[in-house]
There are 2 protein chains.
Amino acid sequence: MEPGDSTKQARAAAQLRKGVLEYCVLALMRDRPRYGVELLHALGESGALATGQGTVYPLLSRLRRDDLVATTWQESASGPPRRYYALTDSGRAALDEFTRVWPGFRDAVDAFLTASPPSPGDHS
Amino acid sequence: MEPGDSTKQARAAAQLRKGVLEYCVLALMRDRPRYGVELLHALGESGALATGQGTVYPLLSRLRRDDLVATTWQESASGPPRRYYALTDSGRAALDEFTRVWPGFRDAVDAFLTASPPSPGDHS
DNA sequence: GCCGGGTATCTTGCATCGCATGGAACCCGG
DNA sequence: CCGGGTTCCATGCGATGCAAGATACCCGGC
């Protein structure tokens, strides 16, 4: 997806990420602290959730503002120091809460999209 | 989910609906035209996508503005006339496009949420 | 004839979120 | 000293869900 791509597909995908990106970022921190560019790279590798710095850093600021993550500085051998983000108790609770809500949401959307497919064998 | 419920769960679910609601509404019109309250009721029965009139009617206005749906008035025996919304060719194309994008998105989120659970059998 | 309840549609103002753009600081090799 | 790579962050815009309120139609009871 090129920057500046304004196709309908790109617009649909962009709106899809709303609200989900936050919890995917939290999920990435579940096992160990991560830093900004690392998160950006991990999201990019997933394909569907690829995004830019202008999305991730404001998101991380919101997470820090709401006490869902805590940060520590750590020096790097190949560049400026990195700010590592780690889950707080509240952050882990929010992630668990989302993990509970997500399947219901996902299945509901699946149900709408696959409902009443004009199946050739349907003679109701 | 009561109106005015401001729990974390409600907030997460609210943000989740962004961008998805539009295509679920289009999906509901796939087989036959529907009217506003009917759509509202169908979304409510799904549970996870329940919403209010203040969300559905502006959404329907946008869909009409973008020529994704066409509307016709039809009288009702038990109230004011209903405006029925039907998919246009563009609307059907947008729905098909979303149907193609959604599985990749859904699986990507699933992958992040279920990745690296400290499974007891994992001895890597 | 009038009035209240149920049905149905729509508008306005607000808060939130993803994104493009731009800027700043640090390290290293030439 | 200087250019490239790495890392961080802030600002302004567009799109979207939502609560609250307004309007109009039908019917039955008084």
Side-chain angles (χ1 to χ4, degrees), chain A residues 1-8 10-25 34-41 43-44 48-66 71-85 105, chain B residues 1-8 10-25 34-41 43-44 48-66 68-69 71-85 105:
Chain A
M1 189 164 30
E2 310 292 331
D5 186 351
S6 301
T7 63
K8 286 176 185 172
R11 265 186 58 253
Q15 295 307 324
L16 265 183
R17 298 189 192 103
K18 295 228 173 190
V20 176
L21 214 47
E22 172 179 347
Y23 297 98
C24 287
V25 166
R34 307 269 194 162
Y35 65 100
V37 174
E38 189 183 7
L39 294 167
L40 206 55
H41 198 246
L43 290 171
L49 286 167
T51 184
Q53 302 180 350
T55 297
V56 168
Y57 283 110
L59 167 60
L60 290 172
S61 293
R62 287 195 298 270
L63 293 177
R64 197 163 33 137
R65 182 198 61 191
D66 297 342
T71 69
T72 54
W73 285 100
Q74 203 159 329
E75 296 183 6
S76 162
S78 64
R82 300 165 176 169
R83 191 200 287 269
Y84 277 83
Y85 297 81
F105 175 82
Chain B
M1 191 162 32
E2 310 292 331
D5 186 349
S6 299
T7 62
K8 287 175 184 173
R11 267 187 56 253
Q15 295 307 322
L16 266 183
R17 298 188 192 104
K18 296 223 172 192
V20 178
L21 214 48
E22 173 180 348
Y23 296 99
C24 288
V25 166
R34 307 269 195 162
Y35 65 99
V37 174
E38 188 183 7
L39 294 167
L40 206 55
H41 198 245
L43 290 171
L49 286 167
T51 184
Q53 304 178 351
T55 297
V56 168
Y57 284 109
L59 167 60
L60 290 171
S61 293
R62 287 195 300 270
L63 293 177
R64 197 161 35 136
R65 183 197 61 192
D66 297 341
L68 300 181
V69 300
T71 68
T72 54
W73 285 99
Q74 203 160 329
E75 296 183 5
S76 163
S78 65
R82 301 165 174 168
R83 189 200 288 273
Y84 277 83
Y85 297 81
F105 175 81

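Here is the naming used below: chain letters follow the sequence lines, and residue numbers restart at 1 for every chain. Model, not experiment: these values are computed from the prediction.
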In whole angstrom, give the distance that lies between atom [atom1] of [X] and atom [atom2] of [N].
{"X": "B/L59", "N": "D/dC18", "atom1": "CG", "atom2": "P", "answer": "10 Å"}
{"X": "A/E22", "N": "C/dC19", "atom1": "CD", "atom2": "P", "answer": "14 Å"}
{"X": "A/H41", "N": "D/dG5", "atom1": "NE2", "atom2": "P", "answer": "15 Å"}
{"X": "A/L63", "N": "C/dC17", "atom1": "CG", "atom2": "C1'", "answer": "12 Å"}
{"X": "B/E75", "N": "D/dC25", "atom1": "CD", "atom2": "C1'", "answer": "11 Å"}
{"X": "A/R62", "N": "D/dT11", "atom1": "CZ", "atom2": "C1'", "answer": "14 Å"}
{"X": "A/Q15", "N": "D/dG17", "atom1": "CD", "atom2": "P", "answer": "8 Å"}
{"X": "B/L16", "N": "C/dG18", "atom1": "CG", "atom2": "P", "answer": "11 Å"}

Using 0.5 Å steps for rounding, measure from the [atom1] atom of [X] to the [atom2] atom of [Y].
{"X": "B/T51", "Y": "B/R17", "atom1": "OG1", "atom2": "CZ", "result": "6.0 Å"}
{"X": "A/L39", "Y": "A/L21", "atom1": "CG", "atom2": "CG", "result": "10.0 Å"}
{"X": "B/Y85", "Y": "B/E38", "atom1": "OH", "atom2": "CD", "result": "12.0 Å"}
{"X": "B/Q53", "Y": "B/L60", "atom1": "CD", "atom2": "CG", "result": "11.5 Å"}
{"X": "A/T71", "Y": "A/Y35", "atom1": "OG1", "atom2": "OH", "result": "15.5 Å"}
{"X": "A/R62", "Y": "A/E22", "atom1": "CZ", "atom2": "CD", "result": "7.0 Å"}

**Prompt:** Does A/R17 put a side-chain nitrogen or oxygen below 4.0 Å from OP1 or OP2 of C/dC17?
**Reply:**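 Checking A/R17 against C/dC17: no side-chain N or O falls below 4.0 Å of OP1 or OP2.
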
**Asked** Are B/F105 and A/V20 side-chain neighbours, meaning at least one heavy-atom pair lies under 4.5 Å?
**Response**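 In contact.
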
**Request:** Could you check if a side-chain atom of B/L43 sits within less than 4.5 angstrom of a side-chain atom of B/V25, using non-hydrogen atoms only?
**Result:**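 SC-SC contact between B/L43 and B/V25 confirmed.
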
**Asked** Under the 3.5 Å rule, do the base of C/dT16 and the side chain of A/K18 count as making a donor-acceptor pair?
**Response**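 In this structure, the two groups form no donor-acceptor pair.
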
Write out a two-atom table: protein N or O, nucleotide N or O from nucleotides 6-10 of chain D, distance below 3.5 Å.
{"residue": "D/dT7", "atom": "OP1", "partner": "A/Y35", "partner atom": "OH", "Å": "3.1"}
{"residue": "D/dT7", "atom": "OP1", "partner": "A/R82", "partner atom": "NE", "Å": "3.3"}
{"residue": "D/dT7", "atom": "OP1", "partner": "A/R82", "partner atom": "NH2", "Å": "2.8"}
{"residue": "D/dC8", "atom": "OP1", "partner": "A/R83", "partner atom": "N", "Å": "3.0"}
{"residue": "D/dC8", "atom": "OP2", "partner": "A/G36", "partner atom": "N", "Å": "3.3"}
{"residue": "D/dC8", "atom": "OP2", "partner": "A/V37", "partner atom": "N", "Å": "3.0"}
{"residue": "D/dC8", "atom": "OP2", "partner": "A/Y57", "partner atom": "OH", "Å": "2.7"}
{"residue": "D/dC8", "atom": "O5'", "partner": "A/Y57", "partner atom": "OH", "Å": "3.4"}
{"residue": "D/dC8", "atom": "N4", "partner": "A/Q53", "partner atom": "OE1", "Å": "2.9"}
{"residue": "D/dC9", "atom": "OP1", "partner": "A/R83", "partner atom": "NE", "Å": "2.3"}
{"residue": "D/dC9", "atom": "OP1", "partner": "A/R83", "partner atom": "NH2", "Å": "2.5"}
{"residue": "D/dC9", "atom": "OP2", "partner": "A/Y85", "partner atom": "OH", "Å": "2.8"}
{"residue": "D/dC9", "atom": "N4", "partner": "A/Q53", "partner atom": "OE1", "Å": "3.4"}

**Message:** Testing the basics here: between A/G36 and A/V56, what is the closest heavy-atom pair and its distance to 0.1 Å?
**Reply:**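 Minimum heavy-atom contact is O-CG1, 4.5 Å.
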
**Prompt:** How bent is the helix from C/dG1-D/dC30 to C/dG30-D/dC1, comparing axes over its five end pairs at each side, to the nearest 10°?
**Reply:**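 End-to-end axis angle for the helix from C/dG1-D/dC30 to C/dG30-D/dC1: 20°, rounded to 10°.
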
